[in-house]
There are 4 protein chains.
Amino acid sequence: MPGSRSGGSAAKPRKPPRAREEKSAARRDAILAAALDEFAASGFAATRIDDVARRAGVAKGTIYLYFRDKEALFQELVRSALSPIVAVLEHPPAGEVTPRGLLGVLVQTFVREIYGTRRKDVIRLVLSEGPRFPGVAEFYYREVVGRALPAVRELLRRAVEPGNSAGEALVRYPQLIVAPALVAVIWEALFGRFEPLDAEGLMHAHCELLLGALERREP
Amino acid sequence: MPGSRSGGSAAKPRKPPRAREEKSAARRDAILAAALDEFAASGFAATRIDDVARRAGVAKGTIYLYFRDKEALFQELVRSALSPIVAVLEHPPAGEVTPRGLLGVLVQTFVREIYGTRRKDVIRLVLSEGPRFPGVAEFYYREVVGRALPAVRELLRRAVEPGNSAGEALVRYPQLIVAPALVAVIWEALFGRFEPLDAEGLMHAHCELLLGALERREP
Amino acid sequence: MPGSRSGGSAAKPRKPPRAREEKSAARRDAILAAALDEFAASGFAATRIDDVARRAGVAKGTIYLYFRDKEALFQELVRSALSPIVAVLEHPPAGEVTPRGLLGVLVQTFVREIYGTRRKDVIRLVLSEGPRFPGVAEFYYREVVGRALPAVRELLRRAVEPGNSAGEALVRYPQLIVAPALVAVIWEALFGRFEPLDAEGLMHAHCELLLGALERREP
Amino acid sequence: MPGSRSGGSAAKPRKPPRAREEKSAARRDAILAAALDEFAASGFAATRIDDVARRAGVAKGTIYLYFRDKEALFQELVRSALSPIVAVLEHPPAGEVTPRGLLGVLVQTFVREIYGTRRKDVIRLVLSEGPRFPGVAEFYYREVVGRALPAVRELLRRAVEPGNSAGEALVRYPQLIVAPALVAVIWEALFGRFEPLDAEGLMHAHCELLLGALERREP
DNA sequence: GATGAATGAGGGTTCATTCAT
DNA sequence: TATGAATGAACCCTCATTCAT
C-alpha cells in the first residue's frame with residue numbers, strides 16, 4: 001500500500017496525514033486547558049477571554065472558532081473534563097464485597113481520578129458556578145452525581161451486612177461517603193495557605209470511621 | 001423607660017434623638033440584606049450594585065455612603081452574617097460529655113444557626129467566592145473555621161472514650177463532622193430542583209454512623 | 001405664594017424650576033442632533049456610538065441612559081424628526097381649490113418642512129436604511145407616507161376638473177407629485193458635488209408640467 | 001471550429017485551453033452575483049464577506065483573489081452591473097421623433113434594462129450607499145447619469161414642439177422623466193409589503209401626464 | 001445625608017483580511 | 001489557484017464609581 005497513510009517508512013511525508021485535524025484538536029485542548037487555569041483562578045465572570053487566549057497561545061478570535069461564546073467554553077470545559085469519569089462510573093467493579101475493600105477502591109478512585117488531577121478544580125468550579133449555569137448543574141447531576149450515587153449505593157448494598165444500621169444509613173445517603181472528599185477539595189482552595197489539609201489522612205480517617213460503624217456487630 | 005427611643009420632651013426635634021443613627025443602621029442593614037439576596041442569587045461578579053440598591057430601596061449612590069466599594073460590601077456582608085456565630089463559638093457548652101449528646105447539640109446548632117437561616121447562603125458564598133477574596137477567606141478561617149474546629153475538637157476529646165480509634169480520627173479531623181452539613185448546603189443549591197435532599201435525614205444518618213463507630217467497644 | 005415655584009420675580013433662584021428635566025431634554029436633543037449628523041454622514045452601520053457621543057458632547061455611556069441601543073437611537077431619530085410632519089398632515093388646508101394653488105402649497109410645504117431642514121437627511125436615511133429596519137419603514141409608511149398620499153389625493157380630487165385625465169392619473173398615483181422632490185434630495189447627496197441641482201427650479205418646472213396637463217382642456 | 005473549447009490533440013492537458021480563464025471568469029461572476037444578493041439584502045456594511053463566499057460557493061479567501069477588498073468588490077459590482085447600460089446610452093435611437101414614441105421607448109428601456117432585472121437592486125444600492133463611496137457615486141454620475149440625462153435631453157429636443165413650455169421644462173430638467181422610476185424602485189423595497197405599487201401603472205400614468213402637457217397646444 | 005445622572009474603562013464578540021497548506 | 005484557520009483591530013454595551021444638586 002504505497003503512498004497510503006502508513007506513517008513510518010514512506011519518504012518525506014512533509015505533513016503527516018490528519019495533520020489538520022490533529023492540530024485543530026490540539027488547539028482546542030490548549031484552549032480548554034487555559035480556560036481551566038483561568039476559570040479556576042478567577043471564576044467565570046472575572047475571567048477574561050483575552051487571558052484565556054494569551055495563556056493558550058492563540059488570538060482572542062481563535063477561541064470563537066472553537067466555542068460559540070464564553071459560556072459554551074465553560075460548559076465544554078466541564079463536560080470534557082468530567083466525561084471520562086462518566087465512563088468509569090459505567091463499569092463499577094464487579095467483585096469487591098467487603099466494606100473495607102469497597103471503601104479502599106472508592107478512595108483510590110477519588111484520588112486517582114479527581115484529587116490528583118485538574119478535575120479537582122473542575123469540581124470546584126461546578127460547585128461555585130453551577131447555580132448560575134443550569135446546563136452545567138444539570139450535566140453534572142445527570143452524568144456524574146446521578147450515576148455515581150446509585151452505583152455506590154449498589155456496591156454498598158452488596159458489601160454491608162444486612163441489618164447493619166450504619167450500612168443502611170450509607171445506602172440511603174451515599175453522599176456521606178463523598179462528603180469529606182468535597183471538603184478536602186474546598187479546604188485546599190480556601191484555607192490551603194493557612195492550614196494545609198492532609199487529604200489522604202482525612203480520607204483514611206473517614207474510612208476508619210465508616211468501617212468502625214460498618215463492621216460493628218449490632219447490639 | 002429611660003433611654004428608650006423617645007426623647008419626648010423637647011420642642012423642635014421632630015426626630016427623636018438617635019433616630020438618625022437608627023435610621024442609618026436600618027439602612028445599612030437593608031443594604032446588607034439586599035446584597036445577600038443578590039450575591040446569593042448571582043454571585044459576586046454578576047451582581048450589579050444597581051440591583052442591590054433597588055432591592056434595598058435606596059439610590060445607588062447611597063450604598064457608597066455605607067460601603068467603600070462593591071468588595072467592601074461583600075466582605076461586610078460575610079462579616080456581619082457570620083460574626084454572631086463567632087460569639088456562639090466562644091462559649092461552647094460546658095457540660096455535655098456523651099458523644100450522642102455532643103453530636104445532637106452540634107447538629108441542632110447547625111440547623112438553628114445555619115441551615116435554617118440565610119447564613120446558609122453566606123456560607124455558600126464564602127465557599128464559592130472565597131478563593132478570589134483573600135480577606136473573606138481569611139476572615140472565615142480566622143474567625144469561624146479556625147475557632148469552630150478546635151472547639152469541636154476539645155468537646156470531642158472530652159466526649160470520646162480514650163483509645164477509641166474512631167474518636168481519635170474525629171479529633172484529628174473534625175472536618176469529618178461538618179462535611180455532610182456542607183454537602184447539604186451545596187446540594188440544595190446545585191441539585192435541589194432535580195432531587196431534593198432531606199438534610200435532616202442526612203444529618204441524622206451521619207450521626208448514627210458516627211455514633212456507631214464512637215460507641216463501639218474496641219476489639 | 002411666597003417660595004412657591006413662581007419664577008420671574010423672586011430672589012436668587014439659583015436653579016430655575018424644572019432645571020433637571022430641561023437639561024435632560026436638552027441632552028436628549030443634543031444626542032439626537034449628533035446622531036443625525038453622524039448617521040447622515042456614514043449610514044447606520046458605519047456610525048460609531050463613540051462619535052455620536054463626542055459630537056453631542058457627552059460620554060459614551062450617557063447615550064445609553066437615553067436610548068436602549070444604537071437601533072433605538074436610530075428609530076427615535078427618525079420618529080422625532082418626522083413626527084412634526086405628521087401633525088401638519090393631519091390638518092390639510094381647507095380652502096385651496098385650484099390646481100395651481102394646491103401645487104404651490106405642496107411645494108412650499110416641502111421646501112419649508114423638508115428640503116430646507118435637516119429632515120431632508122432623515123428622509124434620505126429612511127430611504128437608505130429603511131429596508132433593514134422594518135420598524136422604521138413601517139413607521140414612515142404608517143405615519144408619513146400613508147397619511148400624506150391620501151391627504152394629497154383628497155386635495156387633488158377637490159382641485160381637478162372632473163374628467164381631466166391627468167388629474168385622474170395624479171389621484172391614482174399621488175407619488176407622481178412627490179417623485180421630483182425625492183430626486184432632488186437624493187441628487188444633492190449623490191451628485192451635488194459634481195453638478196448641483198437647482199431644486200427650486202426643478203420643482204417649479206415640475207409644477208409647470210403638471211399644470212400644463214391639469215389645466216388642459218380635454219379634446 | 002478553430003479556437004473553440006477543444007484543443008483536442010495534446011495528450012495531457014485534461015483541461016482544454018481557456019478552460020482556466022473561463023472557469024475563472026465564471027467564478028468571478030458567481031462572486032459578483034452572490035455579492036449583489038447579499039449587498040442588496042443587507043447593505044454594504046452589514047454584509048459579511050463570509051456570506052458572499054458561501055452563497056457563491058467559494059472559500060472566503062478566494063474572493064480576495066478576485067477583488068482587492070470588500071469595497072473593491074462593491075465597486076466592481078456596481079460597475080459590472082451598470083456598464084451594459086452605458087453601452088445602450090451610447091447609441092440612442094436615431095429616428096423617434098414624437099413625444100409619445102420617445103416616452104414609450106424610455107419606459108420600455110427602463111423596464112427591460114432596470115426594473116425587470118437585478119439592476120433595480122444595484123440602482124438602489126447606489127442610491128443608498130453612494131454617498132459613502134465617492135468612487136461609486138462618481139462612476140454612476142460619470143458613466144450613467146451624466147450620459148443618460150444629456151441623451152434624453154437631446155432626444156427631447158428633437159421630439160418636442162419648439163415653444164412648448166412643458167417641453168422646455170423637461171429639456172432643462174430631464175430628471176423629471178426618471179423620477180417616478182426611482183420612486184417605484186424605492187417604494188418596492190420600502191413599502192412593498194404594506195402596499196404594493198403597480199410600477200407599470202405608475203409609469204403609464206406618468207407618461208399620460210407628460211404627454212398631456214407636451215401635446216398641449218400653447219394658449 | 002441622599003440622589004441618580006454622568007462617566008469611561010473594560011470586555012465580549014464580530015469580521016475583514018492574511019497566509020500556510 | 002483555492003482553501004479556511006487564524007488573526008486582531010474595532011465597536012457595542014455594561015456597570016462600578018463619582019459628584020453636582
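Lettering follows sequence order; numbering is per chain, from 1.
Contact annotation for C:R68: no contact, since no heavy-atom pair falls under 4.0 Å across all strands.
Closest-nucleotide positions on DNA chain F for B:G61 and D:V58 were compared, and the one nearer the 5' end corresponds to D:V58. Nearest-nucleotide assignment on DNA chain F puts the 5′-proximal partner with A:S24, out of C:K70 and A:S24. Toward the 5' end of DNA chain E, the nearer of the two residues A:R48 and C:L65, judged by each one's closest nucleotide, is C:L65.
Ranking E:dA16, F:dT7, F:dT3 by closeness to the D:A59 side chain, first place goes to F:dT3. Each of E:dA6, E:dA2, F:dT3 was ranked by its minimum atom distance to the side chain of B:Y66; first place goes to E:dA2.
E:dT7 atom P lies 21 Å from atom CD1 of B:I49, rounded to whole Å. Whole-Å rounding puts the C:R54 CZ to E:dT7 C1' distance at 15 Å. Spacing between atom CD1 of A:I63 and atom C1' of E:dG11 amounts to 13 Å, rounded to whole angstrom units. In this structure, CD of C:E38 is placed 12 Å from P of F:dC11, rounded to the nearest angstrom. For the pair C:K23 NZ and E:dA5 C1', the interatomic distance rounds to 8 Å; values are reported in whole Å. Going from atom CD of A:E22 over to atom P of E:dA20 covers 21 Å, rounded to whole Å. Rounded to a whole Å, the CG atom of B:D50 is 13 Å from the P atom of F:dT17. When the P atom of F:dT14 is taken as reference, atom CZ of C:F67 falls 15 Å away, rounded to whole Å.
The aromatic rings of D:F39 and D:F44 sit parallel to each other, their planes meeting at less than 30°, with 60° as the upper class boundary.
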Quiz prompt | Derivation of the side chain to side chain contact (heavy atoms under 4.5 Å, CB included) call for C:V52 and C:D37 | solution = CA-CA 8 Å; C:V52 175; C:D37 286 343; over 6 Å; no
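Salt bridge status for A:E38 with A:K70: absent, with no side-chain N to carboxylate O gap under 4.0 Å.
The partner of E:dG11 is F:dC12, by the rule that a Watson-Crick or G-U pair needs both atom distances under 3.5 Å. If you check F:dA20 for Watson-Crick or wobble pairing at under 3.5 angstrom, you find it paired to E:dT3.
When side chains are defined from C-beta on, B:R124 counts as touching A:P131, because their heavy atoms get closer than 4.5 Å.
Of all heavy-atom pairs between D:A137 and D:G130, the closest is CB-O, 3.9 Å.
Residue-to-nucleotide contacts include a donor-acceptor pair under 3.5 Å from the side chain of C:K60 to the base of E:dG10.
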